[in-house]
Each structure stands twice: as C-alpha cells, then as structure tokens.
Visitor: 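Structure incoming, see below.
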Amino acid sequence: MFGVKRTFFILLVIMMTVLGAVAAQDASEDELLGAVPGYETWADVLAAAQGTTVNWHMWGGSDKINTDVDRDIGARVLELYGITLNRVPVVDTADVVNKILDESAAGDTTGTVDLIWINGENFRTLAQAELLYGPWSESIPNAQFVNWEDPALAYDFGFPVNGYESPWGHAQFVIEYNTALVGEEPPRTFEALAEWAAANPGLFTYPAIPDFVGSVFVRHLFYWAAGGPEPFLGDFDQAVFDQYAPMVWEYLNALEPNLWRAGETYPEASVLTDLLANQEVAFNMDYNPGRAASNILEGIYPETVRTFVFDTGTISNNNFVTIPFNAPNAAGAMVVANFMLSEEYQLNLTDPTNWGWLSPISPAVYSQEFQDAVAAFERHPATLASEELAAHTLPEPPSTWVTAMEQGWIENVLQK
Amino acid sequence: MRWLTLMEKLRSPLMVLPAVGVIVILFFGGLLVGLQQSLGYFPAIDSYEVTLRYYQDVLSDPIFFESLWQTFRLALLSTVMSSVLAIALALVLRDTFKGSRFFTFMFQLSIPIPHLVAAAGIVLLVTQSGLLARGAYALGLIAAPRDFPVLVFDRAGIAIQLTYLWKEVPFIGVVVLAVLQGIGPQYEEIARTLGANAWQRFRYVLLPLIMPGVLSTSIIVFAYVFSSYEIPLLLGVRFPTTLPVLAFQNYQDPDLAQRPQAMAMSIILTVIAIVLLIAYKRLAKYTVSR
Amino acid sequence: MKKALRWVILIGIVIVSIAPILPQFIWSFSHRWLFPALLPTTWSTEPWEYVMTPSSRVGEGFANSLAIAVVVSIFSILVGLPAARALALHDFRGKSAVEWLLMVPIIVPGIVATMGIHQVFIRLNLTDTFIGVCLVHLIPCIPYMVLVMSSVFANYGTDLEDTARTLGAGPLNVLRYVTLPGILPGLLVATMFTFLISWGQYITTVLIGGGVIITLPMVLFPFISGTNYATAAAVSLIFVAPAVLVLFFTSRQLGRESSVMGGFGRL
C-alpha cells in the first residue's frame with residue numbers, strides 16, 4: 001500500500017517538474033518558495049497554474065489600460081503559461097474589497113477573485129482583516145528584481161507589504177496644463193498657484209475627494225503647510241493634524257471662489273480630463289506622468305498640453321497587485337504577478353508610445369538590452385524627463401493620515 | 001360538489017400565488033434582512049444587540065436631510081414638468097393627419113432607450129463644451145466654454161431633469177394618447193354645440209377624463225426618479241446627491257460598521273416612498289372625484 | 001396660423017427625440033473632436049474596432065443582457081399572467097392586499113431590497129451567478145407585467161371564452177384560439193416593458209452579479225463616467241439597437257391599444 005502511494009507521488013513530482021520545465025523560462029523553478037501557502041516550489045505553482053483562468057478585478061475606466069492589459073499581459077500569459085486572464089472591470093476598487101469582506105463574513109472559503117489591482121487604504125483594509133493570501137510576493141522568481149529595501153516598495157502608504165503585494169507600476173503626481181491658456185511658465189508653488197487662480201478665475205480646480213487624485217492634491221498642501229512631508233510619515237497624530245489642517249483649509253477655502261464654477265462643485269477626475277481637453281479649465285492632474293502625452297496621441301488632449309511638478313516635489317507611489325485569501329486560483333495569480341515583473345513586460349510598460357508608465361524596478365537589474373532600449377525611448381514633449389521626476393519625489397503618508405485628511409476636506413471644504 | 005366549490009374558492013389565490021410568492025420572498029425578504037441589520041442585528045461583525053441607534057444617527061445627520069430634499073425636489077420637478085408637457089404634446093398628436101403615424105413613432109422613440117444611453121446623449125449636448133455650446137460659439141453667442149450656462153454637474157441637477165424629461169414625457173404622453181383615443185371626439189362635439197370655447201372644452205371635458213391616467217402614470221415616474229441611482233451619479237454633483245446614492249455609498253464602505261446605517265437609511269427611504277404613495281393616491285382620488 | 005404652430009411643435013418633437021441619439025453616431029466615428037469644432041477634426045473607426053474586440057467585453061455584455069432579459073421576461077409571463085387574470089376577473093379575499101403587495105416594488109427604490117437580498121444571496125452562493133441576477137431583475141419586472149396585463153384582461157373580459165366554451169371548445173382550445181389571440185397585442189407591450197426594465201438594470205446587476213456577470217450597462221457606465229465619449233457612443237448605439245427594434249414591433253400596439261397603456265392608469 002505504502003509503495004503504491006510512494007510511486008504515485010514520485011510520478012506526480014516528475015510529471016509536475018516536466019510540465020513546469022516546459023512552461024517556465026526561469027531557472028529558479030526548483031528552488032523552495034519559503035512560506036508560500038500550498039506550494040513547495042515554483043514548478044508546483046506553474047504546474048497548478050497551467051490551463052487555468054485568473055480572474056483579475058481591476059478598475060476598468062480606461063479603454064487604453066484595458067486593451068494594453070489584454071494585449072501585453074493577457075495574450076502573453078496565455079502563450080507562455082496557458083493561463084486565461086479574465087479581466088473583470090470594476091468602477092471602484094473599494095467594491096472588490098467589499099466583495100471579499102462579504103464573502104468572508106458569509107464564511108465563503110472559495111471566492112471568485114484571484115488578483116486585485118490595489119494600493120493604499122484598500123490594501124490596508126484587507127491586510128488588517130487578514131483576508132489576503134500569502135506571504136508570496138517576495139518568493140516568486142522575479143521578486144529578485146524588486147528592491148525590497150526601498151521604503152516605497154516595502155511599504156504601501158505606510159503599511160508594510162510583507163510579501164502580500166507585488167509591484168506593477170510606479171506612479172508620480174504631475175500637474176497638466178494647457179500652454180495656450182497658461183503660457184510656457186506654469187505656477188510651480190502653491191503661492192504662485194493661488195495668485196494665478198485669482199488672476200484667472202474659473203480655470204483651475206481639482207477632483208472631488210474621495211477621488212484619489214483629488215486626495216493626493218490635498219496631501220501636497222499638508223506637506224506645504226508643514227514645510228515638508230516629515231511630520232506625516234509616522235503614525236497618525238491628532239495633535240500634528242490639528243496643527244497644520246487649519247492652514248490647509250484656509251488656503252483651499254480662499255482659493256474656492258477662484259475655482260471652476262466658483263467652487264460650487266468639484267468635478268470627478270474623468271470630468272476634469274474632459275474639461276482640460278475642451279479648454280473649460282487650464283489645469284488637470286494625474287498620478288501617471290505619461291498620461292498627458294498619451295492623451296495627446298489619442299486625440300483627447302490638445303497638442304498644447306504640458307506637465308510640471310511643484311518646486312517642492314510631488315508625491316509618488318507604487319501600484320500593486322494582491323491575492324485575496326479565498327482566491328480559487330492563487331497559483332495562476334502568482335504566475336501573472338511574476339510575469340508583470342519580467343523584463344519583457346516592464347519594457348512594454350515603460351515604452352512611452354505604449355503604456356508610458358514608470359517602472360517600479362531599477363533598470364540596472366535587467367539586461368543591457370533592456371537598458372539600451374529604455375535609453376533609446378523618445379520622450380514626448382509633454383512628459384517630464386525621468387531624472388526631473390526622480391529629483392522631485394515625495395513619499396506617501398500612512399493611509400491613516402490619508403483618511404483623516406480626506407474626511408477633513410469633506411467637512412471643512414466641500415460641505416462649507 | 002363540495003370539492004368543486006373548494007376548487008372554485010382556491011382558484012384565484014392559487015393563480016396569484018406564484019407572483020406573490022416570488023415578490024414576497026425576494027422583495028420583502030430582502031427588506032426584512034435590511035430591517036434586521038438596520039436594528040443592529042449583524043452577526044458578520046458580531047453585533048446582536050437590537051438598537052435604534054442607527055436610525056438616530058441617520059436622522060441627526062444634516063447630510064441625510066439635504067439628500068432627501070434633493071431627491072424629493074428632483075422627483076417632484078421632473079414629474080410635474082413631464083406631466084404638463086406630455087398632456088400638451090398628446091393633444092397635438094391625437095388628431096389623425098398626414099404623417100401622424102410617423103410623428104407618433106418619433107414621439108415614442110425615447111421610451112425603449114435605456115436611461116444610461118439618454119444620459120450619455122444629454123451630456124454630449126449640454127456640457128459647457130458640448131454640441132449646444134459649440135453651436136452657440138459658431139453663432140458668436142459665446143466666446144469661451146465658461147460663457148455657456150451651467151447645465152450639468154450642477155447643484156440644481158438640470159441635466160438630470162432633462163434626461164428624465166426626455167425619457168418620461170413620451171411615457172406619460174402615450175398613456176394620455178391611449179385614453180384620448182378611447183374617448184373619441186363625441187364629448188367635445190357636444191361641448192362645442194353647447195358653446196364651450198377651446199380652453200373650456202379642455203379644462204372641463206378632456207382634463208377630467210385624462211387626469212386619472214396622468215396621475216397614476218406620474219406616480220410611477222415620481223417613484224422612478226425618487227429611486228434614481230446612476231443618473232445623478234453620472235450627471236449630478238457629489239454633494240448634495242440623492243438618497244439611493246448616499247445609501248449605496250454607505251453600504252459599499254469598506255468599514256462594515258457603516259452597513260447598519262445604510263440599511264437604516266433605506267428603511268427610512270422605503271417608509272417615505274410608501275407614505276408618499278398613500279398621500280398621492282388620496283390626492284388623486286380627491287382630484288378625480290371633484 | 002394654428003396649423004403652422006402645430007408643425008413647429010411636430011418638428012420640435014422630432015428634433016428633441018433624436019438630439020441625444022444622432023450625435024452619438026458622429027461621436028462614435030471621432031478621434032479628435034474638441035471645442036469649438038462642430039464636426040470631428042479627425043475621423044476614425046477606432047471606437048468601433050475597440051467594441052468589436054473581446055477586450056471591450058461588449059459582445060459578452062450583449063449576450064448576457066439578452067439572455068437575462070429573455071429569461072426574466074419569460075418567467076414574468078409565466079407567473080404574471082395568472083395573477084393578472086385573477087386580479088382582473090375574479091373577486092377573492094385579500095385581493096386588495098395582493099394588489100398592494102405587487103405594487104410596492106414599483107414604488108420602493110430597487111436598491112433598498114437589493115442590499116438585503118445581496119446579504120442572503122452571498123450565503124446561498126447566488127451572488128456572481130446568472131440565476132441570482134435574473135432573480136433580482138424579477139422584482140421590478142413582475143409587477144409591471146401584472147399591472148399591464150390585468151388591465152388587458154379586464155378590458156378583454158370572458159364573454160368570448162364563455163361563448164367558445166358553450167360551443168364545445170375544450171380548455172386548451174379556448175386558450176389557443178380565443179384567449180391568447182385576444183390578449184396577444186397587450187402581452188407584446190407588457191413583454192416589451194419587462195424586457196426593457198431588465199435590459200436597463202444597472203446597480204442591481206452590479207451588486208448581485210459582483211462584476212462576474214457583465215451586462216451591457218456595466219460595460220457602458222465606466223465609459224460615460226470616464227468621459228470616454230467616443231467609445232461610450234459606440235457602446236450606446238449597440239445598447240440601443242435591440243430596444244428600438246422592440247419598439248418598432250410594438251409601436252402600433254402602444255398607440256392604438258388603449259387598454260394596454262391604460263393599465264398604468266389603474267395603479
């Protein structure tokens with residue numbers, strides 16, 4: 001009896017190894033994965049992922065991102081690993097978080113979500129409720145490219161990643177402006193911005209919180225009020241918050257009459273994009289420094305749109321993917337996340353004619369060809385040089401601060 | 001024989017049973033779960049204590065009342081304007097003339113069109129850089145988008161009301177048309193021979209006849225706008241918004257402790273809707289009997 | 001003078017009716033169309049190419065929306081017709097209570113019951129399923145079916161059926177040759193309503209379908225809220241097509257059969 005079982009086990013291992021060897025391209029597949037629940041080696045993961053479907057829930061409001069994901073990730077993981085990527089578009093990532101919370105409350109141990117595009121507050125909610133699968137992200141083969149010492153990758157809005165999220169792309173806040181209305185030299189400080197708005201009423205506004213772009217704009221004001229990000233990088237402190245918040249609300253309420261629609265209402269981020277496109281306003285803002293260029297190429301923005309960062313810098317963060325505790329296909333999800341850190345994909349991601357995102361990975365860890373290709377990219381005039389962005393980067397505060405700032409804005413600015 | 005009378009007695013209840021069963025189980029079942037959670041009974045977050053706290057929370061929140069007022073205002077304005085326009089247009093369309101079938105078809109065109117599509121169409125027309133604004137620019141009426149009146153993403157909810165008008169005028173209008181066709185021209189002929197002028201014929205002959213249809217159709221329209229979620233979300237401002245949007249935002253809050261409050265809000269919403277329906281029916285009866 | 005005014009109104013009706021729809025044709029072929037251009041400065045078939053790709057999920061959404069609307073309509077007929085007939089033609093104890101029960105879902109915002117149902121469906125594993133979405137669509141559809149059809153039955157009466165029966169027709173034959181042809185025009189309109197109500201559902205599908213069951217409104221919504229108007233226009237037009245087709249077949253009944261639309265006067 002024992003012998004049969006043993007033989008069967010050995011056969012299984014051989015089969016999996018063979019399958020894994022066929023599917024995999026990385027050499028490290030026989031290495032132990034450490035603490036990854038349910039799998040011993042990467043070969044196990046690859047074998048379990050072969051021929052499966054991965055349900056990736058992600059914000060679906062951009063047909064450019066949708067198409068790019070299907071082409072550069074979906075089609076590739078099907079070819080390389082036989083994985084069918086089912087992109088499930090959601091209007092708000094918080095809806096997915098809710099779904100997981102509900103499934104857990106109902107005792108649902110086999111869910112429907114395999115992978116989520118996530119960061120910040122949503123990640124913290126799931127991690128604190130212990131509703132994530134893992135730890136896994138430091139054990140997958142391509143995790144070797146990730147600099148886990150970098151605080152921007154080891155922490156997501158101040159919350160330790162600890163192997164529960166894998167990076168996808170890097171983001172840095174920029175302001176977009178139409179040179180036809182603003183001229184060549186934009187207001188690069190908050191003082192100059194207020195002056196400009198006073199001289200040109202109705203042409204500036206920012207997205208309404210809880211939109212994450214509106215939220216990060218307000219965070220910059222806290223950094224401005226405190227003369228830097230330092231007071232906000234530790235745990236939330238009500239006294240510190242109360243010290244700087246009045247100055248922020250005062251600035252924003254003074255700015256309000258000069259905003260678009262005299263601040264009677266604040267637009268959704270997507271509406272603001274349309275407003276800049278049609279010259280209803282002169283400014284917009286985004287976490288993706290390459291979006292202005294891609295919008296110009298797509299015919300959405302006029303050719304005269306450019307971007308800038310504040311003299312005192314702008315906030316940058318990373319986009320991650322995570323796997324919920326009840327994912328029916330965690331193996332497939334890990335293979336997809338691993339592919340997203342591959343040299344091939346990160347090159348596509350940073351190509352300005354393609355995605356135009358920033359990479360969370362330092363190019364130096366990839367091959368010489370990769371570095372040459374990146375160096376040869378032609379930068380669109382609406383995109384800032386990566387050196388300029390890197391020289392002006394500020395960290396995100398922990399998400400507890402973010403929640404307090406958002407709530408404060410709603411009470412002290414929106415509803416005033 | 002007794003068997004037969006029993007069958008006879010049970011026939012009607014048996015015929016309504018499937019429909020009533022589905023509605024009671026799904027709709028009232030859903031409502032009951034909502035009621036439970038609104039009272040704080042929510043095992044998922046280990047809350048078993050029955051309390052009215054969440055109702056107090058909701059009813060002491062000025063934002064709730066602002067949303068309630070916004071919801072009510074939008075529903076009332078849309079309903080009244082739709083009804084008046086529908087009656088006027090039905091009067092024009094009821095005669096048979098050359099091409100009347102074509103015009104009636106065009107009038108009905110918006111009935112099957114989903115509200116979302118209507119919203120998309122209205123946005124393209126009425127934003128400050130929309131097609132109307134571009135027309136105004138071409139005619140030299142405005143110099144820049146911001147000279148064009150604010151019709152969308154506004155506190156008054158003009159684009160929301162335009163969308164509902166566009167959708168509901170034909171809906172009420174078709175009911176009025178159907179009633180008018182059922183009446184025929186005799187009554188008016190009699191009134192005319194008795195010396196009534198056009199206004200009197202409308203006010204004292206036609207209006208009383210079409211009013212029951214208009215009133216009960218307008219209840220449906222009112223209820224529809226009162227429950228609106230996606231239209232105010234797409235065309236309105238974030239604050240103040242409508243009650244269904246507010247309730248759903250609370251429901252979707254990652255903090256599960258917000259749930260009972262969302263449920264309390266919807267139970268209050270249900271009570272308001274039913275009270276309004278009863279009041280409306282009373283009013284309708286009174287108006288019609290006069 | 002009066003005639004001229006009438007023509008102005010009639011032409012106004014035509015313009016207003018098509019004003020939100022016709023520009024969407026142009027938008028769906030535009031690449032760059034910014035203020036103050038009256039026509040696109042760059043034309044493109046990109047939006048249409050995009051909606052034809054599986055990536056856009058328009059095809060999947062269309063198939064799901066259609067299947068759900070058909071299933072919901074059929075089920076509404078099956079449970080709604082007997083109820084409508086009983087309410088229209090018979091008197092029985094508790095009739096007015098039944099009428100109330102069936103009208104309340106029309107009045108109470110759909111989202112209210114859906115949130116409660118959501119909690120139950122999670123436990124029953126009905127969230128994220130086709131059946132779950134169909135069930136929640138039934139809530140607004142059945143009342144409309146009953147409302148319209150009870151008016152049709154009341155208007156139609158039982159005289160013809162009685163005559164057929166005295167002439168020796170069996171119950172099946174009465175149904176097949178007398179009742180069904182008599183109520184068919186009304187049934188068409190009622191089915192159109194249930195079809196369209198299901199076809200247009202958004203938030204109930206989002207909540208119960210959990211993003212797994214994708215319908216057309218769910219594909220369209222992010223494009224409108226994302227101000228991606230060219231793609232939104234293309235999806236809109238696909239979304240509208242079956243609905244207008246349905247109207248085309250029922251338009252005559254809508255205008256001529258007073259008892260059908262009169263049903264709304266019975267609420």
Side-chain angles (χ1 to χ4, degrees), chain B residues 12-13 15-16 18-20 22-23 26-27 30-31 33-34 92 103-118 120-122 124-125 129 131 134 137-138 145 166 174-175 177-179 181-182 212-213 216-217 219-220 223 227 229-230 234 244 248 251 266 269-270 273 277, chain C residues 6 9-10 13-14 17 19-21 23-24 27 35-36 38 79-80 82-83 86 90 92 98 101-102 105-113 115-117 119-120 135 138-139 142 146 196 200 202-203 217 220 224-225 229 232 236 239-240 243-244 246-247 251 254-255 258 261-262 264-265 267:
Chain B
S12 299
M15 283 168 80
V16 296
V20 171
V22 173
I23 293 298
L26 286 174
F27 180 79
L31 224 53
V33 174
V92 174
F103 286 107
T104 308
F105 180 80
M106 290 311 290
F107 180 61
Q108 297 168 349
L109 189 67
S110 72
I111 291 180
I113 291 184
H115 279 78
L116 270 183
V117 175
I122 297 283
L124 295 180
L125 288 176
S129 58
L131 286 181
R134 292 169 195 211
Y137 180 88
W166 188 76
V174 162
V175 175
L177 264 180
V179 178
Q181 251 130 23
S216 43
T217 322
I219 301 178
I220 297 178
S227 351
Y229 175 81
E230 54 265 38
L234 282 174
F248 194 68
Y251 184 76
S266 13
L269 194 57
T270 306
L277 174 67
Chain C
R6 189 169 79 178
I9 295 174
L10 288 174
I13 289 176
V14 174
S17 289
I21 301 302
Q24 300 203 29
W27 272 100
F35 184 89
L38 284 170
V79 304
H90 310 155
F92 55 95
V98 169
L101 275 181
L102 290 178
I106 295 185
I107 300 304
V108 173
I111 192 152
V112 168
M115 295 193 309
I117 291 169
Q119 300 288 308
V120 180
L135 284 174
L138 280 176
I139 294 174
I142 290 176
V146 174
L196 291 176
Y202 171 71
I203 191 63
L220 176 58
I224 305 176
S225 70
Y229 294 135
S236 276
F239 194 20
V240 159
V244 174
V246 168
L247 176 72
S251 168
L254 267 186
S258 65
M261 290 309 290
F264 292 103
L267 188 73

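We use all heavy atoms of the structure for the numbers below, so side chains are in, but hydrogens, waters and symmetry mates are not. Naming convention: chains lettered A, B, ... in sequence-line order (proteins, then strands); numbering from 1 in each chain.
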Visitor: Looking at residues at least two apart in the chain, or sitting in another chain, which of them share a ring pair (Phe, Tyr, Trp, His ring centres under 6.0 Å) with B:Phe27?
Guide: none
Visitor: Do B:Leu269 and C:Pro109 touch side chain to side chain, with heavy atoms closer than 4.5 Å?
Guide: yes
Visitor: Against chain C, label B:Leu234 side chain, backbone, both or neither, depending on which of its atoms sit under 4.5 Å from a heavy atom there.
Guide: side chain
Visitor: Need one label for B:Ile23: side chain, backbone, both or neither, based on atoms under 4.5 Å from any heavy atom in chain C.
Guide: side chain
Visitor: Would you mind checking which part of B:Ala138 comes under 4.5 Å of any heavy atom in chain C, side chain (CB onward), backbone (N, CA, C, O), both or neither?
Guide: side chain
Visitor: Does B:Phe107 have any ring pair (Phe, Tyr, Trp, His ring centres under 6.0 Å) partners at least two apart in sequence or in another chain, and if so, which?
Guide: none
Visitor: For B:Leu125, is it the side chain, the backbone, both, or neither that has a heavy atom closer than 4.5 Å to a heavy atom of chain C?
Guide: side chain
Visitor: Do any N or O atoms from the side chain of B:Tyr229 and from the backbone of C:Ile111 form a donor-acceptor pair under 3.5 angstrom?
Guide: no
Visitor: Nearest heavy-atom pair of C:Val79 and B:Ala19: which atoms, and what distance?
Guide: O-CB, 3.5 Å
Visitor: Need one label for C:Ile142: side chain, backbone, both or neither, based on atoms under 4.5 Å from any heavy atom in chain B.
Guide: side chain
Visitor: If you round to the nearest 0.5 Å, how far is CD1 of B:Ile219 from CD1 of C:Ile107?
Guide: 6.0 Å
Visitor: So, does C:Ser17 use its side chain to make a donor-acceptor pair with the main chain of B:Met106 at under 3.5 Å?
Guide: yes
Visitor: With only heavy atoms counted, which part of C:Leu135 is less than 4.5 Å from chain B, the side chain, the backbone, both or neither?
Guide: both
Visitor: Given a strict heavy-atom distance threshold of 4.5 Å, which part of B:Ser110 is in contact with chain C: side chain, backbone, both, or neither?
Guide: neither
Visitor: Which bit of B:Val22 comes within less than 4.5 Å of chain C, counting heavy atoms only: side chain, backbone, both or neither?
Guide: side chain
Visitor: Taking side chain as everything from C-beta outward and backbone as N, CA, C, O, which of these in C:Val120 sits under 4.5 Å from a heavy atom of chain B? Side chain, backbone, both or neither.
Guide: side chain
